[in-house]
Amino acid sequence: MKRRTLGQGLVVSAEGLGCMGMSEFYGARDDVESIATIKEALDSGVDFLDTADMYGPFTNERLVGRAIAGRRDDVVLATKFGNERSADGTFLRINGTPEYVRAACDASLERLGVDVIDLYYQHRVDRSVPVEETWGAMKSLVEAGKVRHLGISEASSATIERAHAVHPVSALQSEYSLWTRDPEDGVLATCRRLGIGFVAYSPLGRGFLTNEASTRSSDERDFRSHYPRFQGEAYEHNLGLVRNLEEIAREKNVTVAQLSLAWVLSRGTDVVPIPGTKRRTWLRENIAAADMELSDDDRALVEAAVPRGAVEGERYHQSGMANVNA
């Protein structure tokens with residue numbers, strides 16, 4: 001697996017592994033297969049693991065901790081705080097208060113079974129707390145040796161700059177794919193100007209940019225069926241865009257997922273996608289994309305198949321969209 005460098009010299013595998021779906025949001029859990037997937041990822045050179053306290057809630061960090069036990073030195077471990085939930089899953093608030101930052105970090109360290117977190121993200125920006133206060137607390141975690149690098153997720157350029165002034169930001173994590181190109185509106189340029197790496201979550205459009213796009217889960221635990229892009233006429237329209245990609249993928253003898261990941265990887269060596277999966281089969285497919293190289297003509301062809309702005313439906317419902325680009 002090739003390597004890429006995020007901000008502040010943080011070196012990670014060119015692809016990471018998003019672990020969220022192993023515990024929640026994408027249907028039934030299978031902890032045995034999920035742990036096997038994480039271990040195979042590490043064996044394959046994918047060392048950048050992404051989790052968060054809210055996933056489960058809390059259970060995903062424990063799962064990742066079990067999977068990496070005895071292999072801490074093989075892992076670049078990223079987790080997040082800010083989406084505060086109760087043990088029963090109830091969403092309480094976006095919380096960026098200094099007291100919560102410190103308490104959340106200690107709890108994550110315990111669940112993960114580690115002494116230090118490699119990359120600690122503010123998962124969502126708390127609009128009621130100045131980002132300087134939140135980042136002051138995060139900076140103290142670095143000074144205490146509990147955290148090595150700091151990141152922020154779904155933040156605006158202005159917020160990124162304010163956070164960076166308190167302590168250098170190593171990574172911005174935001175949704176980015178052929179499906180969601182919002183970061184190109186300025187945030188990606190801000191990151192590059194400040195020397196901040198970009199971590200792309202949902203680089204496969206939450207599974208839409210795969211050959212499985214036409215197979216929708218009936219599992220009520222799979223949250224994707226409730227999102228605008230997966231519903232009604234928007235779904236049918238978006239499925240047509242995937243069909244366009246299927247034609248290109250067939251010609252190249254790759255899958256739609258591999259083609260889509262190769263496109264994200266081609267956006268710059270400071271961009272690291274973290275496709276999520278809970279199965280070894282899809283992990284292997286995703287890893288193979290790291291060896292693909294798209295020419296300028298290839299990229300133009302792919303972008304013509306899925307023109308920017310052609311996707312119908314927001315990526316979240318209104319409440320979720322209110323918490324991005326904060």
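If you read the sequence from its start, that first residue is 1, and numbering goes on from there.
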Donor-acceptor contact below 3.5 Å, side chain Arg229 vs main chain Gly313:
yes

Asn95 side chain vs Glu84 backbone, donor-acceptor pair below 3.5 Å:
no

Judged by atom type as modelled, is there a donor-acceptor pair below 3.5 Å linking the side chain of Lys278 to the main-chain atoms of Ala28?
yes

Judged by atom type as modelled, is there a donor-acceptor pair below 3.5 Å linking the side chain of Ser260 to the main-chain atoms of Leu204?
no

Give a yes or no answer on whether the side chain of Arg299 reaches the backbone of Leu294 with a donor-acceptor pair at less than 3.5 Å.
yes

Scan side-chain atoms only and decide if Ser177 and Arg315 contain a donor-acceptor pair under the 3.5 Å cut-off.
no

For the side chain of Glu133 and the backbone of Pro130, is there at least one donor-acceptor N/O pair under 3.5 Å apart?
no

Just say parallel, tilted or perpendicular for the rings of Trp135 and His167, cut-offs at 30° and 60°.
tilted

Is there a side-chain contact between Glu285 and Arg279, using heavy atoms and a 4.5 Å cut-off?
no

Heavy-atom side-chain contact between Asp47 and Asp74 under 4.5 Å
no

Taking CG in Asp43 as the centre, count heavy atoms belonging to other residues, nucleotides or ligands within less than 6.0 Å. Is the count above 12?
yes

Is it the case that the side chains of Thr51 and Asn60 hold a donor-acceptor pair, with the cut-off being a distance below 3.5 Å and no angle test?
yes

So, do His149 and Tyr120 have ring centers that fall under 6.0 Å from each other?
no

Geometric cation-pi criterion, Arg206 with Tyr316: 6.0 Å, 45°
yes

Side-chain donor/acceptor of Arg111 to backbone N/O of Gly65, under 3.5 Å:
no

Parallel, tilted or perpendicular: ring planes of Phe208 versus Trp179, cut at 30 and 60 degrees
tilted

